[in-house]
Every structure is written in structure tokens, then in C-alpha cells.
Amino acid sequence: PEITLVSVTQKIAAVEHYKAPPGVTADEADPAYHALQQSIPPGAPLLVMLEKPYRLDFKRNRIMNFDIPGAVSPAPGIPIFDGAEAVAAYLQSQSIRYVAVLKETTNFQLYQRAQWERQANGRIAIWQMQAPFYLAAFTDFTELTQTRKHLYDEHDCVVLDLATAR
């Protein structure tokens, strides 16, 4: 193909676009996610198990997406099967004080207990193996919603302060 000034200019523009720092990722038109994030201090790490984590401002807080419970975590590993208090202690040992999770009443299928109970008994091996992790996470976070302070509690979302009892 022939190289023209237009094609070179387009390629340079594309490179410049990808070299530019990302813009604000928060959806300012979404007051629920904005209010959720405003409930914790700027700069504080936040573990999330949410339907739309991309609506959070990743510049404001260090966001850790817990979308596949138990898949990856710093050593010695999140004690997902050891109960809510063990999970809270582990997260705080990792400097994670704040957690935003969907309530069990959510309509979001990925985080519905009934969905994962079906998967545990389903025919797809990968989901059978993953189901116990989701179910344990749901149990742990549901228990923590009863014992920890709620900084935000609207719609299907709750933000917990793991360092403060309810």
C-alpha cells in the first residue's frame, strides 16, 4: 500500500491517543456509584464485588475487583472458607479497610446465591469448582454486613468499614 501523509497522520494520532493518560473512569451521571465511592476517604483502598465497578473513579481510590472470589490474593491467600471474621482480619492485614458488595437481593446474576447453588450441582466442571468460592464469599460478606458499620447502604449495594463494629 502507498504511504501518504494522511495515513501517517492517522497512525500518529492513534499512537498519541493510546499514550495519553486515561480520563476519569467514573460515570458522573450515576449518582449511586458516585455516592458509594464518596462514602470512603480519597486514596483508601476499596475491595469491590459490584455489578459495574467500571463506574468507580479509579484515580480517587485503589480499586480491587473481587469478581472471582478466591482466584488471586496475596499470601497466605484469602481465607474464604474460614468465616467472615477471618476474611475481615485478612483484608485488614492487607490494608483493605473498606469493602463494597452487592446484597444478596441483587438481580445481577453473577452475584446471585441461587445461581451459584445451581452451578455447584450443574454439569460444567469449571463452574462446579468455582461455586464453593462464590457461595463462601456471599456467606462471609452477608455476615460482615451484620457486624460492621455501613458507610453506604442504598439500592443493592453496601459499603462496609471492616475496622468499625456496627
Side-chain angles (χ1 to χ4, degrees), residues 22-120 126-166:
V24 174
T25 57
D27 185 343
E28 294 175 7
D30 187 335
Y33 273 80
H34 181 74
L36 178 155
Q37 191 165 8
Q38 293 298 311
S39 73
I40 67 165
L46 175 64
L47 182 79
V48 301
M49 198 171 184
L50 298 172
E51 179 180 0
K52 300 174 183 175
Y54 59 86
R55 291 192 180 255
L56 298 170
D57 182 350
F58 282 71
K59 288 183 179 180
R60 183 182 187 277
N61 296 92
R62 183 171 155 236
I63 309 291
M64 290 153 285
N65 197 10
F66 197 61
D67 59 346
I68 304 176
V72 176
S73 59
I78 190 164
I80 200 102
F81 298 108
D82 294 341
E85 291 305 318
V87 168
Y90 170 81
L91 291 173
Q92 289 182 87
S93 78
Q94 301 297 319
S95 300
I96 300 168
R97 178 176 177 171
Y98 304 103
V99 176
V101 295
L102 290 175
K103 299 176 188 176
E104 288 208 18
T105 56
T106 184
N107 290 324
F108 185 54
Q109 194 171 20
L110 179 62
Y111 299 137
Q112 287 180 343
R113 178 177 291 280
Q115 166 68 12
W116 286 101
E117 288 170 345
R118 284 190 299 275
Q119 295 294 354
I126 186 88
W127 301 131
Q128 286 177 344
M129 291 184 291
Q130 190 60 44
F133 291 89
Y134 276 93
L135 294 170
F138 298 155
T139 298
D140 293 338
F141 289 126
T142 297
E143 287 180 23
L144 290 170
T145 64
Q146 308 206 357
T147 62
R148 295 306 193 279
K149 181 178 181 180
H150 293 202
L151 300 178
Y152 175 89
D153 191 342
E154 297 286 332
H155 312 287
D156 282 342
C157 300
V158 62
V159 175
L160 305 175
D161 177 348
L162 297 179
T164 307
R166 188 164 187 191

Between atom [atom1] of [X] and atom [atom2] of [Y], what is the distance when rounded to the nearest 0.5 Å?
X: I78; Y: I96; atom1: CD1; atom2: CD1; answer: 7.5 Å
X: D156; Y: Y111; atom1: CG; atom2: OH; answer: 13.0 Å
X: T106; Y: Q115; atom1: OG1; atom2: CD; answer: 12.0 Å

Beyond-backbone contact of [X] with [Y], side-chain heavy atoms, under 4.5 angstrom:
X: L160; Y: K149; result: no
X: F66; Y: L91; result: no
X: L144; Y: E85; result: yes
X: R113; Y: T139; result: yes
X: L50; Y: L102; result: yes

Under a 3.5 Å threshold, yes or no: a donor from one side chain and an acceptor from the other, between R166 and T145?
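R166 vs T145: no donor-acceptor pair found between side chains.
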Checking side-chain polar atoms at under 3.5 Å, does Q37 have a donor or acceptor matched by the opposite partner on N61?
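Yes, because at least one side-chain N or O of Q37 sits under 3.5 Å from a partner of the opposite role on N61.
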[X] side chain to [Y] main-chain N or O, any donor-acceptor pair under 3.5 Å?
X: Y134; Y: D67; result: yes
X: W116; Y: L110; result: yes
X: Q119; Y: M129; result: no

Before accepting this row, confirm whether a basic side-chain N of the pair E143/R148 lies closer than 4.0 Å to the acidic partner's carboxylate O.
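Looking at E143 and R148, the cut-off is not met.
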Are R97 and D161 within salt-bridge range, i.e. N to O under 4.0 Å?
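The answer is yes: the pair qualifies as a salt bridge.
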What heavy-atom pair brings [X] and [Y] nearest, and what distance separates the two atoms?
X: Y152; Y: A35; result: CE1-CB, 3.7 Å
X: A100; Y: V159; result: CB-CG2, 3.9 Å
X: M49; Y: A137; result: CE-CB, 4.2 Å
X: Q128; Y: A120; result: CG-O, 3.8 Å
X: F133; Y: P69; result: CB-O, 3.2 Å
X: Y33; Y: K52; result: OH-N, 2.9 Å

Take L56 and V48 through the test side-chain contact (heavy atoms from CB on, under 4.5 Å) and record every step on the way to the result.
CA-CA 10 Å; L56 298 170; V48 301; 3.8 Å; yes
Applying side-chain contact (heavy atoms from CB on, under 4.5 Å), run through Y98 and L162 and close with a yes or a no.
CA-CA 6 Å; Y98 304 103; L162 297 179; over 6 Å; no
Check against side-chain contact (heavy atoms from CB on, under 4.5 Å), V101 and C157
CA-CA 6 Å; V101 295; C157 300; over 6 Å; no
Please evaluate residues H155 and L36 with respect to the criterion side-chain contact (heavy atoms from CB on, under 4.5 Å), reporting the C-alpha separation (whole Å), side-chain torsions for both, the decisive distance (0.1 Å), and the verdict.
CA-CA 10 Å; H155 312 287; L36 178 155; over 6 Å; no
Just to verify, what does K103 make a salt bridge (charged side-chain N to carboxylate O under 4.0 Å, His left out) with, not counting sequence neighbours?
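Expected list: D153.
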Does CZ in R62 sit with more than 12 non-hydrogen atoms of other residues, nucleotides or ligands closer than 6.0 Å?
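It does not: R62 CZ has 12 such atoms or fewer within range.
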